[in-house]
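Quick note on labels: first sequence line is chain A, next is B, and so on, each numbered from 1. Atom set for the values below is all heavy atoms of this structure, side chains included, hydrogens, waters and symmetry mates excluded. Every value quoted in this text rests on a predicted model; they were computed, and no experiment measured them.
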Number of protein chains: 2
Amino acid sequence: MSLPHAILTALVEKPSSGLELTRRFDRSIGYFWSATHQQIYRELGRLEAEGLIRALPGQQPARGQKKSYEVLPAGRDELARWTAAPHDPKPLRDTMLLRLRAAAVVGTAGVEADLRRHLELHERQLAEYEAIEKRDFPPGRDSAEDRLRHLVLRAGIDLETFWTQWLGRALAEFAELPGDGPA
Amino acid sequence: MSLPHAILTALVEKPSSGLELTRRFDRSIGYFWSATHQQIYRELGRLEAEGLIRALPGQQPARGQKKSYEVLPAGRDELARWTAAPHDPKPLRDTMLLRLRAAAVVGTAGVEADLRRHLELHERQLAEYEAIEKRDFPPGRDSAEDRLRHLVLRAGIDLETFWTQWLGRALAEFAELPGDGPA
DNA sequence: AGGATCATGTAAATCGTTACATGATTAA
DNA sequence: TTAATCATGTAACGATTTACATGATCCT
């Protein structure tokens with residue numbers, strides 16, 4: 001039940017159309033919450049029906065016409081309520097870890113190449129986050145919003161750092177391992 | 001499409017009944033792939049229908065009767081194929097990070113208590129993983145399977161370490177922040 | 001005999017992904 | 001004028017979650 005609140009957050013930050021939201025969910029928002037345009041349009045419809053957002057006035061609702069939304073007071077209240085409410089952390093679900101556990105019983109053939117590919121992907125992501133940090137959070141300027149957003153970006157940086165280190169360690173292990181046998 | 005392969009991995013490690021699998025998905029398997037008993041029973045049915053697993057012979061299929069499964073050769077082949085195939089890493093989706101981003105626009109009231117609660121939960125999880133590491137992976141003994149399983153556990157330990165550190169930093173930020181205003 | 005727990009399922013709702021459909025705008 | 005792209009959707013399916021249902025076994 002987080003997608004509607006991700007959209008509310010994005011719209012409070014800046015009223016947007018469905019496609020603009022989609023773009024933002026591929027960039028900054030997407031660093032901690034991803035969504036496709038199909039999810040976004042469906043959810044925009046629901047949020048509007050519930051009276052939490054509304055289309056900006058002065059726009060005809062024709063298909064193919066741009067339609068921007070803004071958050072209504074009820075939407076802001078709901079977002080504040082959700083943000084303050086306790087939520088349990090979700091258990092981890094990671095395919096690569098599962099594949100390594102599987103490799104322990106069916107053999108390691110083929111996994112190493114994908115470990116290397118993942119390492120490259122995470123290194124690229126890490127470099128992108130660090131560029132954003134340098135650009136958007138220079139030392140000194142620190143409003144409360146800035147510090148919170150910087151904190152979120154730090155989580156992304158630290159997580160990508162973890163993955164690059166762990167994948168490096170995994171590849172080092174593979175180098176020492178015997179062949180591809182099922183054990 | 002990873003749940004069937006998580007179940008195959010578990011069953012290759014040791015043939016089990018649905019409830020036994022459920023218990024294992026609350027313990028070791030669950031450290032990187034969680035599943036409820038409803039998912040597990042449904043998937044066991046599918047895997048059996050596809051001829052990848054079978055009920056251990058010599059058991060009547062009555063309701064409420066324990067029924068154990070083992071992996072057939074076709075199941076082991078499918079698991080090896082899936083393990084070797086490339087998979088893209090899934091984008092991050094984390095509720096706490098989203099809530100902090102939301103807090104930047106609707107105010108931080110109430111979040112701090114849950115940050116503290118999460119910190120405790122992650123500290124407990126980290127302690128549990130470290131106890132397992134001490135118990136199951138003493139230095140010296142290192143078969144190929146052991147090294148791979150240890151690697152997976154290390155990921156869990158490092159991830160929990162990241163969270164405890166990041167949550168600590170977040171709480172330190174909150175201590176320096178002004179009141180609960182929407183910015 | 002009765003209740004707790006073990007064990008296996010069913011049903012319904014929501015969420016997420018993939019594929020497809022359709023109108024509007026812009027540029028060759 | 002036609003092709004590409006912008007923009008908004010629909011449809012279908014699979015995965016996940018929550019709630020409920022039911023038989024078997026064990027203990028008192």
Side-chain angles (χ1 to χ4, degrees), chain A residues 1-8 10-11 15-26 29-30 32-50 52-56 59-69 82 87-95 98, chain B residues 1-8 10-11 15-27 29-30 32-50 53-56 59-69 82 87-95 98:
Chain A
M1 282 291 297
S2 299
L3 175 58
H5 302 97
I7 291 178
L8 286 173
L11 288 180
S16 306
S17 68
L19 189 66
E20 284 163 353
L21 280 175
T22 303
R23 304 258 187 265
R24 294 173 64 196
F25 272 84
D26 282 339
I29 307 270
F32 49 87
W33 203 272
S34 65
T36 63
H37 80 273
Q38 293 89 337
Q39 285 177 279
I40 289 168
Y41 284 115
R42 192 198 316 180
E43 204 61 45
L44 283 172
R46 286 183 196 164
L47 289 169
E48 190 177 26
E50 289 170 10
L52 302 187
I53 64 174
R54 70 165 176 190
L56 286 182
Q59 318 208 16
Q60 61 277 46
R63 189 179 186 123
Q65 292 287 81
K66 195 152 117 172
K67 196 163 69 168
S68 285
Y69 292 91
W82 177 83
H87 297 276
D88 284 333
K90 285 225 164 177
L92 182 61
R93 242 178 215 165
D94 186 89
T95 303
L98 175 56
Chain B
M1 283 288 297
S2 299
L3 175 58
H5 303 96
I7 290 178
L8 286 173
L11 287 181
S16 305
S17 68
L19 190 65
E20 284 163 353
L21 279 175
T22 302
R23 304 258 186 265
R24 294 173 63 196
F25 272 84
D26 282 339
R27 304 182 141 270
I29 308 271
F32 49 88
W33 203 272
S34 65
T36 62
H37 80 272
Q38 293 90 336
Q39 286 177 277
I40 289 167
Y41 283 114
R42 180 177 350 156
E43 204 61 46
L44 284 172
R46 287 182 194 163
L47 289 169
E48 190 176 27
E50 289 169 10
I53 64 174
R54 70 165 177 190
L56 285 181
Q59 317 209 19
Q60 62 276 47
R63 189 179 185 122
Q65 292 287 79
K66 193 151 117 173
K67 194 162 72 170
S68 285
Y69 293 90
W82 177 85
H87 297 277
D88 284 332
K90 285 225 164 179
L92 183 60
R93 243 178 215 163
D94 186 87
T95 303
L98 175 57

Give me the distances for all protein-to-nucleotides 17-20 of chain C N/O pairs that come in under 3.5 Å?
| residue | atom | partner | partner atom | Å |
| --- | --- | --- | --- | --- |
| C/dT17 | OP2 | B/Arg93 | NH2 | 3.2 |
| C/dT17 | O4 | A/Arg42 | NH2 | 3.1 |
| C/dA19 | N6 | A/Gln38 | NE2 | 2.7 |

Salt bridge (Lys or Arg N to Asp or Glu O under 4.0 Å) involving [X] - partner list, sequence neighbours excluded:
{"X": "A/Arg23", "value": "none"}
{"X": "B/Arg42", "value": "none"}
{"X": "A/Arg46", "value": "A/Glu43"}

- request: Apply side-chain contact (heavy atoms from CB on, under 4.5 Å) to B/Ala6 and list each qualifying residue two or more places apart in sequence or on a separate chain.
  value: A/Leu98, B/Phe25, B/Trp33
To the nearest Å, give me how far apart [atom1] ([X]) and [atom2] ([N]) are.
{"X": "B/Glu48", "N": "C/dT8", "atom1": "CD", "atom2": "P", "value": "12 Å"}
{"X": "B/Tyr41", "N": "D/dA21", "atom1": "OH", "atom2": "P", "value": "18 Å"}
{"X": "A/Glu43", "N": "D/dT8", "atom1": "CD", "atom2": "P", "value": "16 Å"}
{"X": "A/Lys66", "N": "D/dT5", "atom1": "NZ", "atom2": "P", "value": "18 Å"}
{"X": "B/Ile40", "N": "D/dT16", "atom1": "CD1", "atom2": "P", "value": "11 Å"}
{"X": "A/Leu3", "N": "D/dA15", "atom1": "CG", "atom2": "C1'", "value": "16 Å"}

- prompt: Excluding sequence neighbours, so at least two apart, what forms side chain to side chain donor-acceptor pair (under 3.5 Å) with B/Thr22?
  reply: none
task: With sequence neighbours excluded, tell me which residues meet side chain to side chain donor-acceptor pair (under 3.5 Å) with A/Gln38.
output: A/Thr36
query: In Å, rounded to the nearest 0.5 Å, how long is the span from CD1 of B/Ile29 to OG of B/Ser34?
result: 11.5 Å
- prompt: Near DNA chain C, which residues from residues 18-26 of chain B have a heavy atom under 4.0 Å away?
  reply: B/Gly18, B/Leu19
message: I'd like to check the ring pair (Phe, Tyr, Trp, His ring centres under 6.0 Å) partners of A/Trp82; sequence neighbours left out, ordered by chain and number.
response: A/His5, A/His87
